[in-house]
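What follows is a set of notes on a single structure, which appears directly below.
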Amino acid sequence: MSDIETADIVIIGAGFSGLYALHKLRDHDVICFEAGAGVGGTWYWNRYPGARVDIPSMEYSYSFDDDLQQEWRWPEMFSAQPELERYVNHVADRFALRDRIRLSNGVERMRFDETANRWHVHTVKGDHVVCKYVVAATGALSAPNSPPWPGRERFQGEILHTAAWPTDGIDLTGKRVGLIGTGSTGIQLAPLLAEQAEHLTIFQRTPAFSMPSGNRPMDPEHEREWKENYPERRQKMLQSPGVSLLERSSVACSEYSEEERQQLLEEAWTSQSAFQLLLTFSDIMTNKEANDVVCEFVRGKIRSIVKDPATADLLCPKTYPIGAKRLCIDNGYFETFNRDNVALVDAKSAPIVEFTETGLRTTEADYDLDIVVTATGFDAITGAMTRIDIEGIDGRKLTDKWADGPTAWLGLVVAGFPNLLMIHGPLTPGAQAQMLMVGEWQVNLVADIIASLERDGYSRIDTTEEAEGWWAEEVDMLSRNTLHSLADSWYNAKNIEGKRGGFMIYVGGFPRFAQLNEEAIGNDFKGFVRS
Ligand code: NA7
């Protein structure tokens, strides 16, 4: 048991947001705890073959330091995990952040002392820090989901989760591999597993919509243009709903002829800019008929790529609108099913039941496997927080408060848990906007809030259940006005059996989100309670 230490601020997580928070708040006495053995968060843990960001790297990079964005050279348009990890390590060194980061030392318990207005933060290594503020940069996709199939201990082979991939990799030569999960992760990984393994069996519960990433080596002209115009482009990004420079159509699908629609969709498909497809018509996310046109276009692509008609049909999503959950971006996923050593199993009609000694059992058959890779996603958005034992005012636990779903004013502060400020908390834009820049923006907001509290002599910032209710209503209203709620996914907690909660992502676009935050702060901290 170590001594009790004090600090102004504890930051949880040394991912992209946590690192920037450390830099931004460096004039305070700050300690950053990180569960991983290295910095990078998502880009530290998700080191499976094929892991790659689905947003162009000139955009998916820090904007806070112009020298950094001018000097850094991204070798590819969409960076792979090793490059993102190299970048984040460079940032940690360049801005001298490492001496305040404690690696392999995740926070496991926190309690708010309401008399002293201090958080007591306890870590897995026994550190105990008493601090004024906690900035939770815990990540939206950082608590891996491992479905509780029985029999894990009797399986003679190896079970891996994509978010905890061995740092020195794994040799799949000559192995029979099972891959469970066909979301963004499974879809990135499958082609590489198929190339290495003797045989690959892919267990699919729900087929996913995916489009080609168009990744390629960095085009020097593209890089030069960006670097010459970085400030204006970053500004323009912050003015767009998804914090991106993708072109949004202002024309509804019905205004085009069938021929024009197909031509526009074809252009988007081959545009080499991921997600452009979802912006082809103005009403894709609000009008089911418009959405159906895009769905059918993608199903047509799948049928044209995959040679076996039965496999192609099984790979075609038919039960939810495209874009209602994150569109996947792939490098040859559907082509993988034309290989002789790849098989697709329908884990919807015959769900996985258990691990056996030699592999996996579904309700219909046994599969002999040497390695099972679970690409089964995350206890997203709330999991990283609820896996910490957090106790607020009157001994109330965050897990109890959020038992039916998360609440938070502006997605930032939870009533009864003062001085705990969340980056990418529930009910914020999350994956509906470019997370790196939204993270920077939220960190700046948090720094302003802390500065103003200190300046005005407050020692506590909280919110009310009433304000949480306003925000819940805003988030709910926005999602109900779109087709987002028509899919089960990590956006609405329906990816995990038994998890409760409504739609957890703010889909009103970043500019509106930012404006509402700024108005609340500017309006004498409306919805907050300072004391
Ligand atoms: P996702 O998108 O949540 O995908 C997880 C996949 O695992 C998905 O295909 C799930 O099927 C499948 N899954 C989960 N539980 C089971 C069980 N019990 N049986 C069979 N299949 C299961 O996670 P990813 O890691 O791929 O991507 C997360 C985000 O990272 C992504 O959205 C991007 O923003 C980057 P389901 O669809 O639930 O039927």
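Atoms within a ligand are numbered from 1 in the order they appear, just like the ligands themselves. Side chains included, hydrogens not; waters and symmetry mates left out as well; all remaining heavy atoms used.
Every atom of ligand 1 with a heavy atom of L141 under 4.0 Å away is listed here by number and element: 29 (C), 30 (O). Close approach of ligand 1 to P147 is summarised as follows: ligand atoms under 4.0 Å from at least one heavy atom of the residue are 15 (N), 18 (N). The atoms of ligand 1 that sit less than 4.0 Å from any heavy atom of T185 are 24 (P), 25 (O), 26 (O), 27 (O).
The protein atom (non-hydrogen) at minimum distance from atom 23 (O) of ligand 1 is G377 CA, 3.2 Å. Of the protein's non-hydrogen atoms, the one nearest atom 36 (P) of ligand 1 is T206 OG1, 3.4 Å. At the shortest separation from atom 34 (O) of ligand 1 among protein heavy atoms lies R326 NE, 3.5 Å. For atom 4 (O) of ligand 1, the nearest protein heavy atom (residue, atom name, distance) is G183 CA, 3.6 Å. Ranking protein heavy atoms by distance to atom 19 (N) of ligand 1, first place goes to W149 CZ2, 3.5 Å.
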Tell me which donor-acceptor pairs under 3.5 Å the side chains of residues 371-379 have, and how far apart each pair is, sequence neighbours excluded?
residue	atom	partner	partner atom	Å
T374	OG1	L160	O	2.9
T376	OG1	N145	O	2.7
D379	OD1	K499	NZ	2.6

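Any N or O atom pair closer than 3.5 Å counts here, and T182 shares at least one such pair with ligand 1. For ligand 1, none of its N or O atoms has an N or O atom of D54 under 3.5 Å away. For W490, a nitrogen or oxygen atom sits less than 3.5 Å from a nitrogen or oxygen atom of ligand 1, counting backbone and side chain alike. Note: an N/O pair closer than 3.5 Å links A375 and ligand 1 by distance alone.
Checked against the 6.0 Å centroid threshold, Y60 and F78 do not count as a close aromatic pair.
Applying the 6.0 Å contact sphere to CZ of R339 captures more than 12 heavy atoms from other residues, nucleotides or ligands. Taking a 6.0 Å sphere around CD of E266, one finds it holds more than 12 heavy atoms contributed by other residues, nucleotides or ligands.
Which of Q432, K494, R205 comes nearest to atom 17 (C) of ligand 1 through a heavy atom is settled by distance: it is R205. In this comparison of A163, S489, S184, the heavy atom closest to atom 35 (C) of ligand 1 sits on S184. With P144, A431, A208, G181 as candidates, the residue nearest to atom 12 (C) of ligand 1 on a non-hydrogen basis is G181.
S61 and R234 form a side-chain donor-acceptor contact under 3.5 Å, judged by distance and modelled atom types alone.
D292 has no carboxylate O lying under 4.0 Å from a charged side-chain N of R299, or vice versa, which leaves the two without a salt bridge. Under a 4.0 Å N-O distance rule, the pair K175/E158 does not qualify as a salt bridge.
Side-chain contact between L193 and L172: present, with at least one pair of heavy atoms (C-beta onward) separated by less than 4.5 Å.
Of the residues listed (I302, T311, D308), the one engaging F337 in a side-chain contact (heavy atoms from CB on, under 4.5 Å) is T311, and it is the only one. A side-chain contact (heavy atoms from CB on, under 4.5 Å) with S479 is found for one member of V475, L483, N481, D476 and no other, namely D476.
K325 counts as a contact of ligand 1, since one of its heavy atoms falls under 4.0 Å from the ligand. Using a 4.0 angstrom heavy-atom cutoff, F203 does not count as in contact with ligand 1. Contact analysis leaves A347 out of contact with ligand 1, as no non-hydrogen atom separation drops below 4.0 angstrom.
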Practice problem: Applying ring-ring contact (aromatic ring centres under 6.0 Å, His included), run through F510 and Y506 and close with a yes or a no. | Solution: CA-CA 9 Å; F510 176 74; Y506 182 90; 9.5 Å; no
